[in-house]
Amino acid sequence: MALDDRKTSATETRLAAMVMPDVGCTKDAREAALARVRAMGLPQRRDEYWKFTRPDTLIQPEAPEAALFDAGEEPMFSDVERLKIVFVDGVFSPEKSDDLALEGVQIDRLEDVCCKDDHWAEDLYGALEADGHDPVHRPLAALNTAYAGDGVTIRVTGKPSKPISLIYTHEDVTSDVFLHHVVRVESGAEATILENGPAAARFNKCMEIDIADGGTLHHIRAQGRDHERRAVTHLFARLGTESVFKSFTLTVNGVLTRNEAVVTLTGDDAVAHVAGAALGDGDFHHDDTVFVTHDALNCESRQVFKKVLRNGATGVFQGKILVKPGAQKTDGYQISQSLLLDDDSQFLAKPELEIYADDVACSHGSTSGAIDEDALFYLRARGVPRDIATDLLTLAFLAEAVEEIESEELRDEIIGRLEGWLERRRG
Amino acid sequence: MLEIKGLKVKLEEEDKQILKGVDLTVEAGKVHAIMGPNGSGKSTLSYVLSGRDGYEVTGGSASLEGEDLLELEAEERAALGLFLAFQYPVEIPGVGNMTFLRTAVNAQRKARGQEEMSAAEFLKVVRAKAKTLKIDADMLKRPVNVGFSGGEKKRNEILQMAMLEPKMCILDETDSGLDVDAMKLVSEGVNALRDAGRGFLVITHYQRLLDHIKPDVVHIMADGRIVKTGGPELALEVEQNGYADILAEVA
């Protein structure tokens, strides 16, 4: 189908400002991705999945400036024993990173993939992204595959003793960054990947995750607190038989965030949980767009998204469970909720179920509401001051999403951040 | 202890007068009961005293040990020593019962300028008190009142009362939804807290709760006023003859 002129022109304007990195072995994948971008066109407001989120600042040639923000607290996961991989404005920093050698995992910088013969990631780069456009186009992910300047490939072969921690720092107020990571979890292997930091003024990140039979991956992400940063991220996950993928994202601040997760359960008895907690105050637009496909027997999926919004902040949720023909005994769950702390904020939700099998259990719900006045009075009648009671109820609202994090240490780390955010806004 | 004079209250949202001049004094160490037909204003009285939104005081006063209650926020009244055992305890998903109790105890201590209770000390005290109310570790861990039976919810109210050690306890239809055994357990919990420094206001429809929690004074409330006051025998009279006789008598 031919694109309309406006779309073509916006796409070409963006592409004209891009330079494809010269990285030999991914060249074919990048060229193919570029062709996909041209065929799909970059997103426009009228596109079905961009009705609630304006794509213009994400596709304009220059990244809008984003002031650096000193949060005045230690970066996330600072006390967690982990293997640090640091990117400064999207460029891998060997000085700031740990030695990448760790038992049970093979980590390479993306550009090194091509230096090694028959590198495992060579065929995977861009492959899950390429499969992830049916039926919904994700052109910004294809743009990422074509132009990603850096990234890592992580192959989990055992059970590494500590999490692999991707840290994105931001020093340049106009940085426009494309990072692309490829993760493969081998059969029976298990690892935890952490991500945190603002990354850039405008950050486009793509992570392709391939989990073999019986593999397990925990993914915990805290997106940077810079108020003016923009981010569009894609997670593409493919799950084999009896594999497990659990992803949790904390988003605090950021003028614009669009997180897409595209998860496909291709092997029987696989489990995928995708969860998120977002806290927005003022000029904050946060969009979770999630697409879970059940294409095997007896798989379980959960989508749990909670947003706390105040001072005109906007939350968006577009979530889908697609159950393909034959994917019997599917257990699908989806909940998206917002807690509106004032009358100025808004939550826009589009939950979707599409089911082509007859022996499945799928439930979904979406709500938007204020603090429960009865619960608030109950707490106050026991002597808990209004502001503390409100915070307690806000944390309670977020609990279902946060509890998706299995590790108690990491969960407490996230809860600490939530409490800090609430505390700073007290009174 | 608790002094209510000519208290008049209407609903904030509609022009409906609920309390039309309530006079009531509860002395320290005494148990007062309020009985009365549905819609007489008993629960409203308990909500207004504890500071719930939605009511407008149009006249009169209410004080606790000389402090004007009506000027205070709900949490300030609680810290002053006022406690309301709810007729319908609220379920709060996501907040653990123990966290809730500890937050409440320490918030009140802080408001009174006392030192907060340490986690270890708190745990010791709460376990001992929970045991006498047959509240097990699981109930303490679960979210506040979520999935609790009617009896468990009421026992949980009494546990909160025991932990907070208020000066003035208002029990709003604590017997509703309780079977005989649960009523006995809850009553024992209340009786254990009776002492010379503490006042009780027990709101109930039925005499049977008063068999377990023996009142010193019984008031009959009707149409927003206390219409009759007497000793425990007044409750028995209600039990035998209903409210009709009394209401006819005072009309």
Side-chain angles (χ1 to χ4, degrees), chain A residues 248 250 275-279 304-308 333 335-339 341 365 367 369-405 408 411-412 414-416 418-419 422-423 426-427, chain B residues 46-55 69 72-97 99-112 114 116 143-146 153 156-157 159-161 163-166 169-170 172:
Chain A
F248 172 89
L250 169 70
L279 303 176
V304 183
F305 289 88
K306 305 264 184 160
K307 296 177 205 282
V308 176
Y333 174 75
I335 184 93
S336 63
Q337 296 181 306
S338 75
L339 178 62
L341 294 178
T367 65
I371 287 278
D372 179 351
E373 286 296 330
D374 287 338
L376 187 63
F377 174 62
Y378 191 63
L379 287 164
R380 292 177 63 210
R382 293 296 175 257
V384 183
R386 183 190 287 271
D387 53 356
I388 295 175
T390 303
D391 288 0
L392 205 57
L393 293 172
T394 304
L395 287 171
F397 165 79
L398 295 167
E400 188 187 2
V402 177
E403 278 159 15
E404 287 292 330
I405 303 169
E408 200 181 332
R411 198 165 56 226
D412 287 347
I414 297 289
I415 291 170
L418 296 171
E419 287 172 342
L422 292 168
E423 226 166 78
R426 234 176 238 166
Chain B
S46 73
Y47 285 143
V48 170
L49 291 175
S50 53
R52 190 180 194 122
D53 292 339
Y55 301 99
L69 283 177
L72 301 176
E73 296 288 338
E75 54 267 37
E76 294 171 323
R77 301 180 197 198
L80 208 57
L82 186 76
F83 181 92
L84 170 66
F86 283 60
Q87 182 180 1
Y88 303 109
V90 180
E91 298 187 6
I92 313 182
V95 177
N97 211 10
T99 307
F100 163 63
L101 274 170
R102 199 166 153 225
T103 307
V105 167
N106 282 335
Q108 291 202 11
R109 285 180 160 240
K110 198 174 162 195
R112 292 194 290 257
Q114 297 165 329
E116 294 193 358
V144 180
N145 294 324
V146 177
K153 283 180 182 169
N156 203 28
E157 292 292 291
L159 174 64
Q160 292 163 36
M161 193 162 90
M163 288 303 297
L164 295 167
E165 299 181 327
C169 309
I170 304 170
D172 187 9

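Lettering follows sequence order; numbering is per chain, from 1.
- The candidate with the highest count of non-hydrogen atom pairs below 4.5 Å against chain A, out of B/A107, B/P143, B/P93, B/A74, is B/A74.
- Judged by distance alone, the side chain of A/K306 and the main-chain N or O of A/E400 form no donor-acceptor pair under 3.5 Å.
- Heavy-atom distances place no part of A/L395 under 4.5 Å from chain B, backbone and side chain included.
- Contacts between B/Y88 and chain A at a heavy-atom distance below 4.5 Å are absent for every atom of the residue.
- Aromatic ring orientation, A/Y378 versus B/F100: parallel (interplanar angle below 30°, classes split at 30° and 60°).
- Both tests pass for A/R382 against the ring of B/F83: distance under 6.0 Å to the centre and angle within 45° of the axis.
- Note on B/E91, B/E73, B/E76: by heavy-atom pairs under 4.5 Å with chain A, the leading option is B/E73.
- Heavy atoms closer than 4.5 Å to chain A are found in the side chain of B/V144, but not in its backbone.
- Not one N or O on the side chain of B/T99 forms a donor-acceptor pair closer than 3.5 Å with the backbone of B/V95.
- At a 4.5 Å heavy-atom cutoff, B/P166 makes no contact with chain A through either its backbone or its side chain.
- Within a 6.0 Å sphere centred on CD of A/E408, heavy atoms belonging to other residues, nucleotides or ligands number 12 at most.
- The pair B/R52-A/D374 meets the salt-bridge criterion, since a charged nitrogen lies less than 4.0 angstrom from a carboxylate oxygen.
- With a 4.5 angstrom heavy-atom cutoff, B/R77 does not touch chain A via any of its atoms.
- Of the two parts of B/Q160, only the side chain, counted from C-beta on, holds a non-hydrogen atom closer than 4.5 Å to a non-hydrogen atom of chain A.
- No part of B/N106 comes within reach of chain A, as not one of its non-hydrogen atoms sits under 4.5 angstrom from that chain.
- Around the NZ atom of B/K110, the shell of radius 6.0 Å holds no more than 12 heavy atoms that belong to other residues, nucleotides or ligands.
- By number of non-hydrogen pairs under 4.5 angstrom with chain A, the leading residue of B/A79, B/S50, B/G96 is B/S50.
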